[in-house]
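Remarks on the structure that follows.
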Amino acid sequence: MYEKEIAKLQEIIDESSDIVFFGGAGVSTESNIPDFRSADGLYRQQYRYSPEQIVSHTFFVRNTEEFYEFYKNKMMFLEAKPNAAHQKLAELERAGKLSAVITQNIDGLHQAAGSRTVYELHGSIHRNYCQECGAFYDASYVKEAAGIPKCSCGGVVKPDVVLYEEGLDATVIQDTVRAIGRADTLIIGGTSLVVYPAAGFIDYFRGRHLVVINKEAPAREVGAELTVAAPIGEVLGRIHVPGQGL
Ligand code: NAD
């Protein structure tokens with residue numbers, strides 16, 4: 001399956017020396033973390049509020065307990081393991097072919113796979129801070145807390161995750177724009193490209209090869225040279241990285 005597309009992708013990767021990967025929730029579905037917009041994604045499940053409402057700053061402030069109920073059950077998968085997509089991107093970085101992974105994901109799986117330069121546009125479930133005193137808490141503390149996670153000082157612990165209505169970190173934006181702007185190849189994968197400003201950063205790409213690996217067509221037409229409509233772990237799992245074995 002997809003023999004022609006995979007051969008073309010291999011060719012592009014072989015002749016590239018500064019690949020940047022831009023991804024989203026679809027990268028982690030093969031690790032059994034649901035995305036938002038696939039047919040079986042969280043947006044198709046029935047809640048009293050939409051996921052977009054729940055994962056917003058206003059909702060966090062007004063309905064903190066309900067926020068945490070959803071967040072802990074639907075967005076924190078601490079047992080999840082990196083899949084072939086995460087692993088291949090880490091291999092490409094080790095081989096000196098890939099300079100950065102830019103992700104909208106908050107699950108930390110790229111780092112778990114060994115990727116070093118990872119720009120997390122939307123933060124991470126693995127960093128949590130007390131809103132009163134700034135004390136740090138890890139993900140298991142939040143996950144295991146009964147109800148709202150509280151600091152020893154009594155303050156509410158908030159994930160370092162960019163909720164709707166909140167701004168992105170300025171340094172992460174700068175790093176993202178710089179990496180995309182100098183890449184020779186941009187691979188976009190596992191993202192619907194509907195969440196802004198994240199989806200707009202790909203417009204800084206000026207390189208030679210633009211590739212999309214996504215099960216369904218993203219919301220934006222990006223003018224890709226190669227489009228592979230298949231599971232990204234399966235696709236990247238078949239790529240050979242020089243010096244990294246088969
Ligand atoms: P999205 O849910 O809007 O879209 C996911 C896209 O990935 C869809 O187009 C779908 O067709 C595609 N897809 C799903 N599985 C795939 C696979 N195995 N291979 C290839 N393509 C696949 O995701 P988004 O664009 O990242 O936007 C959702 C927002 O929700 C992000 O901002 C992210 O922060 C957050 N989110 C993160 C996680 C996570 O950290 N794992 C999970 C859910 C949501």
Side-chain angles (χ1 to χ4, degrees), residues 1-2 5-6 9 21-45 47 50-57 70-89 101-113 115 118-127 139 159-169 172 176 187-202 211-222 224 226-239:
M1 288 260 278
Y2 311 106
E5 287 93 339
I6 288 168
L9 179 60
F21 179 79
F22 180 94
V27 176
S28 293
T29 53
E30 287 160 88
S31 296
N32 297 319
I33 301 181
D35 63 7
F36 276 179
R37 293 178 186 82
S38 283
D40 53 355
L42 296 178
Y43 279 17
R44 309 290 168 97
Q45 301 177 14
Y47 300 104
S50 75
E52 233 151 14
Q53 276 176 302
I54 300 174
V55 193
S56 72
H57 183 82
F70 178 89
Y71 176 79
K72 286 195 239 175
N73 288 324
K74 304 292 180 186
M75 302 198 71
M76 293 188 90
F77 294 86
L78 303 187
E79 308 298 317
K81 299 274 181 287
N83 63 52
H86 301 102
Q87 281 155 2
K88 194 63 64 170
L89 293 167
V101 166
I102 297 159
T103 184
Q104 298 164 82
N105 293 348
I106 57 174
D107 55 35
L109 289 184
H110 286 292
Q111 292 91 331
S115 283
V118 182
Y119 300 133
E120 295 174 310
L121 292 170
H122 295 158
S124 173
I125 60 167
H126 296 286
R127 298 184 297 270
D160 184 13
V161 160
V162 180
L163 303 175
Y164 287 99
E165 306 160 358
E166 293 179 345
L168 275 58
D169 181 274
V172 175
T176 294
I187 303 176
I188 298 169
T191 174
S192 59
L193 293 180
V194 302
V195 178
Y196 279 82
F201 296 140
I202 59 176
V211 176
V212 171
I213 309 170
N214 215 61
K215 275 196 192 164
E216 298 149 35
R220 280 187 60 186
E221 169 53 45
V222 296
L226 172 67
T227 299
V228 194
I232 191 162
E234 285 179 27
V235 173
L236 288 182
R238 299 207 22 217
I239 293 299

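Start at 1 and go down the list; that is how both ligands and their atoms are numbered. Being a predicted model, the structure only gives us computed values, none of them experimental.
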- Query: Of the backbone atoms (N, CA, C, O) and the side-chain heavy atoms from C-beta on, which set of T191 has a member under 4.0 Å from an atom of ligand 1: side chain, backbone, both, or neither?
  - Reply: both
- Query: Hey, does M75 have a side-chain heavy atom less than 4.5 Å from the side chain of I125?
  - Reply: no
- For ligand 1, is any non-hydrogen atom under 4.0 Å from E30's backbone (N, CA, C, O), its side chain (CB onward), both, or neither? side chain
- So how far is it from Y119 OH to L168 CG, rounded to the nearest 0.5 Å? 14.5 Å
- For ligand 1, which atoms, with element, lie under 4.0 Å from some heavy atom of G190? 5 (C), 6 (C), 7 (O), 21 (N)
- Report, in ascending order of atom number, the atoms of ligand 1 lying under 4.0 Å from any heavy atom of P34. 42 (C), 43 (C)
- Query: Hey, which atoms in ligand 1 end up nearer than 4.0 Å to a heavy atom of D107?
  - Reply: 39 (C), 40 (O), 41 (N)
- Query: If we only count heavy atoms from C-beta on, is the Y71 to I54 side-chain gap below 4.5 Å?
  - Reply: no
- Message: Please check whether F36 reaches ligand 1 - meaning an N/O of the residue sits under 3.5 Å from an N/O of the ligand, judged on distance alone.
- Response: yes
- Query: For ligand 1, which part of A25 has a heavy atom less than 4.0 Å away: the side chain, the backbone, both, or neither?
  - Reply: both
- Message: Tell me every residue that passes side chain to side chain contact (heavy atoms under 4.5 Å, CB included) with S124, counting only those two or more places apart in sequence or in another chain.
- Response: E120, H126, R127
- For R220, check side chain to side chain donor-acceptor pair (under 3.5 Å) against everything at least two apart and list the hits. D203
- Task: With the side chain counted from C-beta on, respond yes when P82 and H110 share a heavy-atom pair under 4.5 Å apart, and no when they do not.
- Result: no
- Query: Quick one: does ligand 1 sit under 4.0 Å from the side chain of T29, the backbone, both or neither, non-hydrogen atoms only?
  - Reply: side chain
- Note on the structure: Counting heavy atoms under 4.0 Å, the part of A230 that contacts ligand 1 is backbone
- Message: At under 4.0 Å between heavy atoms, is it the side chain or the backbone of H122 that contacts ligand 1, or both, or neither?
- Response: side chain
- Message: Using a 4.0 Å cutoff against the non-hydrogen atoms of G24, which atoms of ligand 1 qualify?
- Response: 26 (O)
- Task: Output the list of atoms in ligand 1 that are nearer than 4.0 Å to some heavy atom of E216, sorted by atom number.
- Result: 11 (O)
- Query: Side chains of F21 and V27: closer than 4.5 Å at any heavy-atom pair?
  - Reply: yes
- Message: Tell me which one of S28, S31, P34 satisfies side chain to side chain contact (heavy atoms under 4.5 Å, CB included) with F77.
- Response: P34
- Is the shortest heavy-atom distance from the side chain of I33 to the side chain of L109 under 4.5 Å? yes
- Message: At less than 4.0 angstrom from any non-hydrogen atom of I33, what atoms of ligand 1 do you find?
- Response: 41 (N)
- Residue portion contacting ligand 1 (non-hydrogen atoms closer than 4.0 Å) for V195: side chain
